[in-house]
2 protein chains.
Amino acid sequence: MVRKQGRPKAGQEALTQEKILRAALALVDRDGVERLSMRRLASELDVDPMAIYHHVASKQALLSGIVDLVFAELQVRPEDGATWQQQIEAFAHAYRRLAMAHPNLVLHLITDAEAGAGAALMANELLYRALAAAALSPQMVVRAGDLIVDFLNGYVLGESTGRLGQPGERGEMLAQLDQQPAGSFPTLRRVFATLRNTDALANFDVELAIVLAGIEVLANRNGAALPE
Amino acid sequence: MVRKQGRPKAGQEALTQEKILRAALALVDRDGVERLSMRRLASELDVDPMAIYHHVASKQALLSGIVDLVFAELQVRPEDGATWQQQIEAFAHAYRRLAMAHPNLVLHLITDAEAGAGAALMANELLYRALAAAALSPQMVVRAGDLIVDFLNGYVLGESTGRLGQPGERGEMLAQLDQQPAGSFPTLRRVFATLRNTDALANFDVELAIVLAGIEVLANRNGAALPE
DNA sequence: ACCTGAACACCGTTCAAGT
DNA sequence: ACCTGAACACCGTTCAAGT
């Protein structure tokens, strides 16, 4: 329990920002953001709590650093022969995979805008390239891009907070519904009646397909494409 | 600063759950969720911090209570002559209005699934009724409903965290872009070049319209509607 | 029954002091 | 230059004590 004071001698590993961020990410992945504290992190690193402040400015900066770290993993290799729909699907899947690799961080991933800003740039470049290939006007490229990002954020947020617990079950909602007076919420009952014990499945892909279909409609309806 | 101890006499207003929740919501609306603490709330109510625990079980329960309170305000009057698109638009606008009335709470509104569960039931009933009217199969009603909710959540989250600060400016992103080496992010530059100083506008409605167009495509493509 | 006040086990962060 | 340790101003929550 006794630690050396002062600068570590050669041979001892020094504390670095990278090492701090990695440890913090591991802690968040394991226990959740709310269990991340400077003091816990320090004890994880076997270091005085205040040592961390020499490498990161504040807890806020620590979290942004983790977000950056995770966003840096986002890589979509642009396939050349792919249609614009396939490009967007590839991006969407990469984004979802990234988010679900760190479910406890999803809220911050989505929310901490100025962290991941660099990654956001790359993400939008990919997205806009695909949308421009769909022959949308610049205005519509931006709107369609925003829509896709909004949808993705909403989806991964729902998924990470366990909106639907397990395949097939729509847990809380069905439970709630069963407590309501008979005759209330008729449409809900009708829909779920035909759905109970239906396997839940590629919801993500279906929702994305609807969005893409909507964008396609707009593309066909809309003359002014991006100038080359 | 000296307060009476024990049960308040007749004539003095007693502390109630309702009063606590209202004060907490006001505090959140004014200062943000992160400034909400039991102790601050108590001092706002001119009461010992621990008095609150007699009416709400924990801070978590307090937050859920606020979320419930806000969701209870969500009311969409179903217009009879409306098309299913108009019904969904009405719902979407009501949801967005609700969220933007309490921007500091949006994250919890979206995230705290088991709070607002009752409101979620009503919301989904409205949504499903509209989608069933679009002649979608039960499976597709659920997917389309989820998509709309995902989109709405993603949108209001972005809007509440100031994704785009003010009309016309895409602040952070443009700033970031200007710092990058020339030639990088070609599509982004091309899109924004034709967009700078274009007024930002009814983005929400455009994004929603794309979603509705996508759902319409699916409705036409898909035979098995809900049985009456 | 309802409110109080001390206490416990935590926080993030500052700052002077060590090596 | 880098790490430590005490200190400050906070937290949420428990529990015994007041009226």
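Below, chains carry the letters A, B, ... as their sequence lines are ordered, and counting in each starts from 1. These numbers were taken from a predicted model, which means no experiment stands behind them.
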> Evaluate the side-chain proximity of A:Ile66 to A:His108: yes if any heavy-atom separation is below 4.5 Å, no if none is.
no
> Whole Å only: how far is the CG atom of B:Asp48 from the P atom of D:dT13?
15 Å
> If we take the C1' atom in both D:dC11 and C:dA7, what is their distance in whole Å?
14 Å
> Before accepting this row, confirm whether a basic side-chain N of the pair A:Glu18/A:Arg22 lies closer than 4.0 Å to the acidic partner's carboxylate O.
yes
> Would B:Glu44 and B:Arg39 satisfy side-chain contact (heavy atoms from CB on, under 4.5 Å), going step by step from the backbone distance to the final call?
CA-CA 9 Å; B:Glu44 201 91 348; B:Arg39 291 164 133 106; over 6 Å; no
> Nearest whole Å is fine: how far is C:dC2 P from B:Ile20 CD1?
12 Å
> In whole Å, I'd like the distance from the CD atom of B:Gln17 to the C1' atom of C:dC2.
15 Å
> Per the atom types in the model, does the base of C:dC3 pair as donor or acceptor with the side chain of B:His54 at under 3.5 Å?
yes
> Can you tell me how far C1' of C:dG12 sits from NE2 of A:His55, to the nearest Å?
19 Å
> So which heavy atom on B:Ser160 is nearest to which on B:Leu157, and how close?
OG-O, 3.0 Å
> Give the rounded distance in Å between these two atoms: NZ of A:Lys59 and P of C:dT14.
15 Å
> What's the NZ-C1' distance between B:Lys19 and C:dC2, to the nearest Å?
13 Å
> For B:Leu147 and A:Val206: C-alpha separation, side-chain torsions, deciding distance, then whether side-chain contact (heavy atoms from CB on, under 4.5 Å) applies.
CA-CA 9 Å; B:Leu147 168 58; A:Val206 176; over 6 Å; no
> Looking only at side-chain atoms of A:Met50, point me to the closest of C:dG5, D:dG5, D:dC3.
D:dG5
> In whole Å, what is the span from the CD1 atom of B:Ile52 to the P atom of C:dG5?
14 Å
> Does anything in residues 23-41 of chain A come within less than 4.0 Å of DNA chain C? Heavy atoms only, and list the residues if so.
A:Leu36, A:Ser37, A:Met38, A:Arg39, A:Arg40
> Show me the dot-bracket string of DNA chain D, counting Watson-Crick or G-U pairs under 3.5 Å, with | for pairs to another strand and [ ] for crossing ones.
||.|||||...|||||.||
> Of all the heavy-atom pairs spanning B:Ala51 and B:Leu15, show the shortest one and how long it is.
CB-CD2, 4.0 Å
> Do B:Leu127 and A:Thr187 have side chains that approach each other closer than 4.5 Å (heavy atoms only, starting at C-beta)?
no
> Short question: side chain of A:Asn104, backbone of A:Asp29 - any donor-acceptor pair under 3.5 Å?
yes
> Using a distance-only test with no angle check, is there a side-chain donor-acceptor pair under 3.5 angstrom linking A:Tyr95 and A:Asn153?
yes
